[in-house]
Structures are given as C-alpha cells and as structure tokens.
Protein chains: 2
Amino acid sequence: MLSKKTKYGLKALAFLASQKGKEPVQIAEIAKHENISQKFLESILLSLRKTGFLGSKKGKGGGYYLIKDPKEVLMTDIMRVLEGPIAMVPCVSLNFYEKCDDCPSEQECSVHMLMLKVRDSALEIYRNNTLADLIA
Amino acid sequence: MLSKKTKYGLKALAFLASQKGKEPVQIAEIAKHENISQKFLESILLSLRKTGFLGSKKGKGGGYYLIKDPKEVLMTDIMRVLEGPIAMVPCVSLNFYEKCDDCPSEQECSVHMLMLKVRDSALEIYRNNTLADLIA
DNA sequence: TGAATATCCTATTAAATCTATAGGATAATA
DNA sequence: TATTATCCTATAGATTTAATAGGATATTCA
C-alpha cells in the first residue's frame, strides 16, 4: 500500500505542476486544496526540496515551486524519494539492494524470480510516466 | 514491501509444491528448511488452510499438504490472501475497494490513473503465474 | 528599522501494523 | 493411554507511519 506521505507528496507535486506561473505556492494553499494536514505536508515538501524536486522561498509571497519541467520528472525518481524501493523485496531492488537474511541463495529462492517480474512491470510504468502525466 | 508473512507463506507453499508425494509435511520441517520461526509459520499455514489452499492432518504423521495442483493455483489468489490488496491504493482495488477520504472525486485525483496502471501491470504478472511457476 | 509572513528544522507523540511468542485445546496415531 | 502435531486465541514486542509542537531563520514591505 502507498503511504500517505507518498500520496500527499504526489498530489502536492501534481498541484504545483498544474499551476500556470512559476510563482511560489504556500503550503497552506496546497494543504487546503488537497485536504492534507498542513504540518504533515510541510515535512513532505521539505524532503522534496532537499532531494531537488522543489525550490522554496521564505517570507511573504514565499512558498514552494517546481524546479524542473513536469515533463522531465520521471515517476521512478519521485517514487523512490517518497515511497522508497519500487521492488517488493530488497533482493530485487536496483537502488535499495539488500541481501535477504533468510535466503541461502537468490537462485534457489522461490520468491525472487516472481518479484523480479513484478518489479520490472512496475518500473516500466514509472519510467514511462512523468509528473506531467499526473495532470493529463 | 512484501510482508514477512507473505514471503514465508510463499516459500512454504513453494516447498509443499516441490514435494513429490502428497504426504503431509510437518510445520517443523518447513520452518527448518525455510529458516522461518515455527510459531509464526504455524499461524500462516493456518490461514492458508482456512482459505482453502492447504489441507491438514493432525497427530503423528500429520502436517500440511496442498489441496490443488500447483498449476491450478493462481498467484493473484495467493497474494490476496497473504498480502491483501494487489493495488497500492484502495480506490483502484478490485477485491478490496474503498473510497479515499481525502479525494473529492476519483476522476480528478492525480494519483488514481497512475495507480490503476501499476495495478494492471502487477495483475498481469500474478494472473500469468501459478504456484507451479515458483519452483520452475 | 521592525512587524508580519512563511519556510526551516528537530524532536516527540500517537496510532497503526507487523512480527513473534505463549500456552493450552483438540484430534489422530500406535 | 502416551505421544505427536495441528488448532486456536490472546498478547507482547518491535517497527513504521502519521501527525503535532514549537521555536529558529529568512524575506518582504511599510
């Protein structure tokens, strides 16, 4: 299941992408428009800024804005920052690989191959969708 | 991420499917072979029995065994019992549908369509794989 | 300069879920 | 009737997620 953090983050990014101008949008406005707890959203936007998706401006007239063209922002990158691994088990993760402690070998593991297929199919979707597609 | 319950359940099912005969296999043997806490596995096998995947026999010489031919057991059915919804959000779930409380409408929701695609791609994998494929 | 505004940042709490264990009841075998 | 192995419920422990609190910092504008 998608975490609230991810869902809210996606909605916030989509909302920012739907804005015509490049004017900063305040947290409060996004939170209100998307029915999100403002404080919770604040921490999510902060992490999106620190990972290079958003820029921000303090003080009056401040807020958050997209740094890149929505068409250039791949869903793979967004998902990995918000939700973490796209794979359902660490042993088939490209960016968050970890060995399973209960498996003697990945060759023998009955779960490994199936989860590899699932990961690949999810990757295909995320690689072929950008932030711009969220608002289309 | 896949829960331990699901992972262990899949491994146990695969182990049972790999057995030549139809003799019951004891929890202890499965647990040892797959490096799983025996008590935890016990509760997992119990739920797989209650949902019609496994049969069981008590007493000496007892244990668990598959009820159906592994080729006839779809991964969709296994996953839904062990892990729950295949969809990442309830609003795109076929078997566990729920309306999102934060969304005014699913048409407008920027997350909805993307998650529908992800669900469909996962479904395609699970529908085209059976328990027999886990041990191939 | 200073008041107002809005993000920045860390810490903490609250809630939910997941993982694992305990301990006896029940049934089958020999 | 002793032994074996599942059945069943309850609960404890651990981890993760969701949300909140409160002040620090920077910017705007009068």
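Keep in mind that the numbers below use all heavy atoms, side chains included, and drop hydrogens, waters and symmetry copies. Letters go in sequence order (proteins before strands), and every chain restarts at 1.
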Self-check item: Pairs touching residues 24-44 of chain B that satisfy salt bridge (charged side-chain N to carboxylate O under 4.0 Å, His left out), sequence neighbours left out
Solution: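 The answer is B/Lys39-B/Glu42.
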Quiz item: Could you give all pairs that pass the salt bridge (charged side-chain N to carboxylate O under 4.0 Å, His left out) test and reach residues 56-70 of chain A, with sequence neighbours left out?
Solution: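 Found none.
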Give me, pair by pair, the N or O atoms of the protein and of nucleotides 26-30 of chain D that are less than 3.5 Å apart, along with how far apart they are.
unit_1, atom_1, unit_2, atom_2, d
D/dA26, O4', A/Lys58, NZ, 3.1
D/dT28, OP1, A/Lys57, NZ, 3.3

Quick test of your reading: applying side-chain hydrogen bond (donor to acceptor under 3.5 Å, both in side chains), list the pairs with at least one residue in [range], sequence neighbours left out, ordered by first then second residue.
range: residues 105-128 of chain B; answer: A/Ser121-B/Ser121, A/Asn129-B/Lys117, B/Tyr97-B/Glu106, B/Ser105-B/Glu108
range: residues 4-17 of chain A; answer: A/Ser3-A/Thr6, A/Thr6-A/Glu83, A/Lys7-B/Asp102, A/Lys11-B/Asp102
range: residues 85-95 of chain B; answer: none

For the residue pair [X] and [Y], what are the closest heavy atoms and their distance?
X: A/Leu45; Y: A/Ala12; value: CD2-CB, 3.9 Å
X: B/Ala14; Y: B/Leu131; value: N-CD1, 4.0 Å
X: B/Gly62; Y: B/Pro24; value: C-CB, 3.6 Å
X: A/Tyr64; Y: A/Leu16; value: O-CD2, 3.6 Å

[X] has an atom [atom1]; how far is it from atom [atom2] of [N], in whole Å?
X: B/Asn35; N: C/dT19; atom1: CG; atom2: P; answer: 16 Å
X: A/Glu29; N: C/dT7; atom1: CD; atom2: P; answer: 10 Å
X: B/Ile27; N: D/dC7; atom1: CD1; atom2: C1'; answer: 9 Å

Which ones in [range] lie close to DNA chain C, meaning a heavy atom under 4.0 Å from one of its atoms?
range: residues 2-10 of chain A; value: none
range: residues 44-51 of chain A; value: A/Leu46, A/Arg49, A/Lys50
range: residues 75-102 of chain A; value: none

Quiz item: Do A/Met1 and B/Pro85 touch side chain to side chain, with heavy atoms closer than 4.5 Å?
Solution: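 SC-SC contact between A/Met1 and B/Pro85 confirmed.
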Got a list of protein N/O to nucleotides 20-22 of chain D N/O distances below 3.5 Å?
unit_1, atom_1, unit_2, atom_2, d
D/dT20, OP2, A/Ser37, OG, 3.0
D/dG22, O6, A/Lys39, NZ, 2.3

Exercise. Mind running side chain to side chain contact (heavy atoms under 4.5 Å, CB included) on A/Leu48 and A/Leu82 for me, showing each step along the way?
Key: CA-CA 8 Å; A/Leu48 286 171; A/Leu82 289 174; 3.8 Å; yes
Practice problem: Using the test ring-ring contact (aromatic ring centres under 6.0 Å, His included), find all partners of B/Tyr65 that sit at least two apart in sequence or belong to another chain. | Solution: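 For B/Tyr65 there are no ring-ring contact (aromatic ring centres under 6.0 Å, His included) partners, ignoring immediate neighbours.
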Practice problem: List for me each residue that meets side-chain contact (heavy atoms from CB on, under 4.5 Å) alongside B/Ser43, sequence neighbours excluded, and say none if there are none. | Solution: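 Once residues adjacent in sequence are excluded, the partners of B/Ser43 under the side-chain contact (heavy atoms from CB on, under 4.5 Å) criterion are B/Phe40.
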Exercise. Give the cluster check for A/Phe15 versus B/Met115: same hydrophobic cluster or not, with ILVMFWY residues linked at side-chain heavy-atom distances below 4.5 Å.
Key: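 They do share one cluster, since a chain of ILVMFWY contacts under 4.5 Å joins A/Phe15 to B/Met115.
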Exercise. Group every Ile, Leu, Val, Met, Phe, Trp and Tyr by side-chain heavy-atom contacts under 4.5 Å, then state whether A/Met113 and B/Leu134 land in the same group.
Key: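 The answer is yes; both residues are in one hydrophobic cluster.
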